[in-house]
Number of protein chains: 2
Amino acid sequence: MLLLLTYVNETNLNKGFDSIYFLKRRKMARNKIQKKTAYHHGDLRGQLIKAARDLIEQHGPDGFSMSDACRLAGVSTAAPYRHFSSKQDLLTEVAMDGLRRLGAEMEKQASDYPRGTVPSIAAIGRAYVSFAIREPHTFRLMFSTEPHSGRIDEVKQVGMGSYGVLLREVALYLSEQDITEAVLRTAFPLWSQVHGLSFLSIDGKLEVTDFPVDVDEAILIATEKLLPPHPPGQKA
Amino acid sequence: MLLLLTYVNETNLNKGFDSIYFLKRRKMARNKIQKKTAYHHGDLRGQLIKAARDLIEQHGPDGFSMSDACRLAGVSTAAPYRHFSSKQDLLTEVAMDGLRRLGAEMEKQASDYPRGTVPSIAAIGRAYVSFAIREPHTFRLMFSTEPHSGRIDEVKQVGMGSYGVLLREVALYLSEQDITEAVLRTAFPLWSQVHGLSFLSIDGKLEVTDFPVDVDEAILIATEKLLPPHPPGQKA
DNA sequence: AACATATGTTAGCAACAGTAACATAGTTAG
DNA sequence: CTAACTATGTTACTGTTGCTAACATATGTT
C-alpha cells in the first residue's frame with residue numbers, strides 16, 4: 001500500500017500523466033465490480049486492434065502509428081509490445097479480422113437468394129465490393145502481402161476460408177459435388193472481376209469518364225458473362 | 001579556388017564524407033566536358049526519381065526512405081527538397097512515370113496484332129498484368145490515391161492517357177468512330193478484370209488452390225467472354 | 001565585377017518503432 | 001497467508017526518419 005502510493009505520487013510529479021492514472025484507477029474499480037474481466041487495463045489487446053481498425057480507416061495504414069493507438073487506448077507506447085511483436089503484427093491481426101468479416105458478409109448476402117444461382121453469386125460480388133468501399137484501407141491491407149511477412153500462411157488460410165464462400169456457391173451453380181478444377185476455373189475470373197472493381201472503386205476510377213460506372217449493374221452483367229450458360233434441365 | 005579547397009577540407013575533417021566529395025568532383029569534371037548538363041550534382045532530380053524507382057521495387061513504397069534515396073544519389077538528406085516538396089511528391093513522380101511506361105507498353109504490345117481484334121485487346125491485358133508482375137510495388141503506387149493527395153488530377157490525367165490505349169482498341173473492335181458510351185461500357189469490365197488479375201497476381205493469390213492460374217490463358221478467355229460477339233460482316 | 005537565382009550543405013527538430021530495466025497486478029504453490 | 005511466478009504495465013532510452021532553417025556555393029545575367 002505504501003509502495004503504491006509512492007509510485008503514483010512519483011509518477012504524478014515526474015510527468016503530467018495524472019489522467020491516465022485516474023483512468024486506470026477507474027477501470028480497476030470497474031473490473032472489480034465486473035469480476036475481473038482482464039488484468040491491468042482490461043483487454044488491451046482487443047482495444048488496440050479496435051483502435052488500429054479505427055485509425056487505419058481514418059488515416060490509412062501508412063498514416064497509422066503505434067503511438068496513436070496507444071494514445072487512444074490510454075497506455076504507454078511500450079505496452080503494445082506485450083501483445084504484438086511489432087506494428088506489422090498488429091496490422092496482420094487487423095487484416096485477418098477483416099478477412100473473416102468479409103467472408104461472413106458474403107455468406108450472409110448470398111443467403112438472401114436461392115443458392116447456386118446468378119443472383120446469389122452476384123450478391124457475393126456486391127458484398128465484396130461493398131466491403132472494399134466501406135473500409136478501403138482495411139481492404140487494401142487485407143490483400144497486400146508485404147505487411148504480413150512471416151505470417152503469410154496464416155493470412156492465406158483465413159483468406160481461403162472466405163474464398164470458400166464463393167467456391168461453394170459456384171460449385172452449386174455447376175452442380176458439382178466438390179471444389180473441382182471446373183469450379184476453380186469458373187470462380188477465379190469472378191473473383192478477379194470483383195477484386196479489380198473493388199480497387200478501381202476505392203481508387204476513384206469509376207468516374208474517370210463522363211459515364212460513371214454503376215457498381216451493382218457492372219457486377220451483375222460481368223457475372224452473367226463470366227459464368228457458363230446454365231446446364232439445361234438443371235436448377236430453376 | 002582557395003574557398004573551394006577550404007570548404008572541402010573542412011568537410012572532410014568534420015565527417016567522413018570523402019567519397020561523396022570525390023564523386024562530386026568527378027561529376028563536376030564530367031559535366032565540364034559534357035558542356036554543363038546541369039548544376040552542381042548533374043540532374044539530381046532525375047537521379048532521385050531513378051533511385052526511388054529502384055528502392056521502391058526492392059523494398060516497397062513503405063520500405064522506401066528519402067534517406068536511402070539520398071545515400072544512393074550521394075547527397076545530403078536535405079537536398080531532395082530543392083526538387084520535391086515532400087516524399088509523397090517524389091512518389092507521385094514515380095507513379096506518373098510508371099503510368100506513362102505502362103501506356104507505352106500496352107500500345108506496343110497491341111501493335112503486334114491486327115488492330116481492334118480479340119488478340120490485340122488481349123495483348124493489352126497481358127501488357128498490363130506483365131507490368132504489375134514486373135514492378136509490383138510501382139504498380140500499387142500507380143493506382144493508390146492516398147499518396148498523391150494534392151496532385152490527384154495530374155495523376156488522373158496521365159492515367160487516362162494510358163486507359164485511352166484500351167479505349168481506342170475497343171472502339172475499333174466495336175467499329176465506333178468515337179469513345180462512345182458503348183465503348184466505355186465494354187472497356188471498363190476488361191480493365192476491371194486485368195486490374196483484379198494484376199493485384200491477385202502480385203499478392204500471390206494465383207496459387208491459393210491446387211490449380212494455379214495461367215495468366216495469359218485467363219486473360220484471353222475473359223476477354224472473349226466480356227467482349228460482345230463480333231458484329232457479323234465486319235472486320236476479319 | 002556585382003547581383004540574383006538555383007542548388008547544395010550542416011545542424012537540429014519532433015514523431016516514430018522498438019528495447020531494456022523496472023514496477024505492479026494477478027495466479028499459483030507451499 | 002505468504003512466496004514465488006507470470007503477465008502486463010511503466011519510464012527512459014536509442015536510432016531512424018521526414019522535414020525545416022540558416023547558411024554556403026555554383027551558375028547565369030547584367
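Chain letters run A, B, ... following the sequence lines, proteins first and then strands; every chain starts at 1.
- Side chain of B:Ser162 to main chain of B:Leu99: a donor-acceptor pair is present (N/O by atom type, distance under 3.5 Å, no hydrogens or angles).
- Counting to the nearest Å, the C1' atom of C:dC16 and the NE2 atom of A:His59 are 16 Å from each other.
- Computed from coordinates, the A:Phe84 CZ to C:dC16 P distance equals 18 Å when rounded to whole Å.
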Using a cutoff of under 3.5 Å, can you pull out all pairs of nitrogen or oxygen atoms linking the protein to nucleotides 19-22 of chain C, with atom names and distances?
from, atom 1, to, atom 2, distance (Å)
C:dA21, N6, A:Arg82, NH2, 3.3

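- No more than 12 heavy atoms of other residues, nucleotides or ligands sit less than 6.0 Å from atom CZ of B:Arg185.
- With contacts defined as side-chain heavy-atom distances shorter than 4.5 Å, the pair B:Phe199/B:Val129 does not qualify.
- Note: NZ (A:Lys87) to C1' (D:dT17) measures 12 Å, nearest angstrom.
- The shortest distance between the side-chain N/O atoms of B:Arg71 and the OP1/OP2 oxygens of D:dT17 is below 4.0 Å.
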**Secondary structure of DNA chain C in dot-bracket form (Watson-Crick or G-U wobble, distances below 3.5 Å, | marking inter-strand pairs)** = ||||||||||||||||||||||||||||||
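- Every pair passing salt bridge (Lys or Arg N to Asp or Glu O under 4.0 Å) that includes a residue from residues 189-209 of chain A is listed here, sequence neighbours excluded: A:Arg140-A:Asp203.
- Side-chain contact check for A:Ile124 versus A:Glu107: every heavy-atom pair is 4.5 Å or farther apart.
- With a 4.5 Å cut-off on side-chain heavy atoms, A:Leu141 and A:Pro147 count as touching.
- Applying the side-chain hydrogen bond (donor to acceptor under 3.5 Å, both in side chains) test to A:His137 and every residue at least two apart in sequence or in another chain returns nothing.
- In the region residues 62-70 of chain A, proximity to DNA chain C at under 4.0 angstrom, judged on heavy atoms, holds for A:Ser65, A:Met66, A:Ser67.
- In this entry the distance linking CG of A:Leu91 with P of C:dC16 reads 15 Å, nearest Å.
- Screening residues 64-73 of chain B for side chain to side chain donor-acceptor pair (under 3.5 Å) gives B:Ser65-B:Asp68, B:Asp68-B:Arg71 as the qualifying pairs, with residues at least two apart or on separate chains.
- Heavy-atom contacts from other residues, nucleotides or ligands closer than 6.0 Å to CD of B:Gln58 number more than 12.
- The aromatic rings of A:His195 and A:Trp191 sit perpendicular, their planes meeting at an angle over 60°, well past the 30° parallel limit.
- Distance CG (B:Leu72) to C1' (D:dT17): 17 Å, rounded to an integer number of Å.
- Annotation: B:Tyr128 is in aromatic contact with B:Phe139 [ring centroid separation under 6.0 Å].
- What separates CG of A:Leu90 from P of C:dG18 is a distance of 10 Å, to the nearest Å.
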